[in-house]
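Here is the structure we will look at.
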Amino acid sequence: MRKIEFRAWDTLTKRYLYNIQAVTLTDESDDYHGLLTLADFLNNDRYIVEQFTGLFDKTGEKIFENDIVTPADKPHLFGTVLYDDATGSYAVKYPHHDQKDAISNYTNKHRIKFKLKIWGTIHTQQALLGK
């Protein structure tokens, strides 16, 4: 079973908060600005909530929604990880292509490591997408 994990991009401070699903009523951290549940983050326009896909890139980094990735064999082809409602799975969308590639297309035959490399996120490295 994959681990359910979320992070949130804070649009005011321009930084990520991690493991927001684990914030508890006893958390004294100023980072959470009084938000105590995942629902608090989801219902607050200040935050963009992103889910862990359950997959790791070729270096072992967790792949989240809105990460910018490249296939190992095409290091100059940058795409964005997103959830595709039509297929009910995660996909990579490339800015100059109409189609999305299922993220499962980037597994090796043993499904141990994914043949993707994370370069940043749409919030921190948008220039990589030509925007």
Side-chain angles (χ1 to χ4, degrees):
M1 179 188 291
R2 75 180 177 94
K3 182 179 177 183
I4 304 297
E5 186 176 328
F6 296 89
R7 67 182 181 191
W9 175 252
D10 185 332
T11 61
L12 294 181
T13 64
K14 306 292 187 217
R15 66 187 184 103
Y16 274 105
L17 300 172
Y18 289 88
N19 295 314
I20 61 169
Q21 77 287 346
V23 176
T24 66
L25 295 173
T26 59
D27 197 316
E28 300 282 328
S29 172
D30 289 338
D31 288 344
Y32 299 111
H33 310 284
L35 302 175
L36 300 175
T37 68
L38 179 59
D40 291 336
F41 283 94
L42 290 168
N43 294 317
N44 188 320
D45 291 338
R46 175 177 172 169
Y47 300 95
I48 299 169
V49 176
E50 302 165 346
Q51 188 171 4
F52 171 46
T53 64
L55 308 173
F56 298 85
D57 79 349
K58 68 181 193 170
T59 66
E61 241 184 286
K62 292 178 181 177
I63 301 174
F64 282 83
E65 292 174 286
N66 291 329
D67 279 345
I68 297 173
V69 296
T70 58
D73 60 341
K74 297 177 186 171
H76 302 295
L77 182 62
F78 294 94
T80 305
V81 175
L82 54 82
Y83 186 79
D84 185 359
D85 289 321
T87 62
S89 63
Y90 289 98
V92 179
K93 173 73 174 108
Y94 298 100
H96 304 294
H97 300 279
D98 291 333
Q99 78 226 30
K100 297 171 232 170
D101 287 341
I103 205 165
S104 60
N105 290 343
Y106 298 101
T107 63
N108 65 20
K109 66 182 179 177
H110 302 291
R111 298 181 65 86
I112 296 169
K113 290 247 182 174
F114 281 76
K115 298 175 184 176
L116 292 172
K117 165 103 174 78
I118 298 171
W119 290 91
T121 75
I122 62 169
H123 309 294
T124 61
Q125 299 290 329
Q126 199 172 55
L128 293 172
L129 300 172
K131 295 181 180 182

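- Separating the CZ atom in F78 from the NZ atom in K117 is a distance of 9.5 Å, to the nearest 0.5 Å.
- The distance from atom CG of D40 to atom CZ of R46, rounded to the nearest 0.5 Å, is 13.0 Å.
- Taking NE2 of H76 as the reference point, atom CG of L128 lies at 12.0 Å (rounded to 0.5 Å).
- For the side-chain contact (heavy atoms from CB on, under 4.5 Å) with V92, the qualifying choice from V69, L77, D67, I63 is V69, the only one to do so.
- Taking each heavy atom of P95 and G79 in turn, the nearest pair found is CD-CA, 4.5 Å.
- Considering all non-hydrogen atoms of both residues, K100 and D84 come closest at NZ-OD1, 3.4 Å.
- With values rounded to the nearest 0.5 angstrom, N43 atom CG is found 9.0 Å from L38 atom CG.
- In this structure, K115 and D73 have side chains that are not in contact, with every pair of non-hydrogen atoms separated by 4.5 Å or more.
- Taking hydrophobic clusters as Ile, Leu, Val, Met, Phe, Trp and Tyr residues chained together by side-chain heavy-atom distances below 4.5 Å, I4 shares a cluster with I20.
- Between F52 and F64, the ring planes are tilted. Angles from 30° to 60° get that label.
- Here the options are R15, K14, E50, the test is side-chain hydrogen bond (donor to acceptor under 3.5 Å, both in side chains), and the partner is H123; only E50 passes.
- Side-chain atoms of N19 do not come within 3.5 Å of backbone N or O of A22 as any donor-acceptor pair.
- Rounding to the nearest 0.5 Å places CH2 of W9 at 10.0 Å from CG of L17.
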Can you check side chain to side chain contact (heavy atoms under 4.5 Å, CB included) on K62 and F56, steps first, answer last?
CA-CA 4 Å; K62 292 178 181 177; F56 298 85; 3.5 Å; yes
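- Linking ILVMFWY side-chain heavy atoms closer than 4.5 Å, directly or via other members, places I122 and L82 in two distinct hydrophobic clusters.
- W119 CH2 to Q125 CD: the interatomic distance, rounded to the nearest 0.5 Å, is 10.0 Å.
- When each of F41, Y16, Y47 is paired with R7, the side-chain contact (heavy atoms from CB on, under 4.5 Å) condition holds for Y16 and for no other.
- Exactly one residue among T59, T70, D57 makes a side-chain contact (heavy atoms from CB on, under 4.5 Å) with I118. That residue is D57.
- Shown here for Q21 and F6, the closest heavy-atom pair between the two residues is OE1-N, 2.9 Å.
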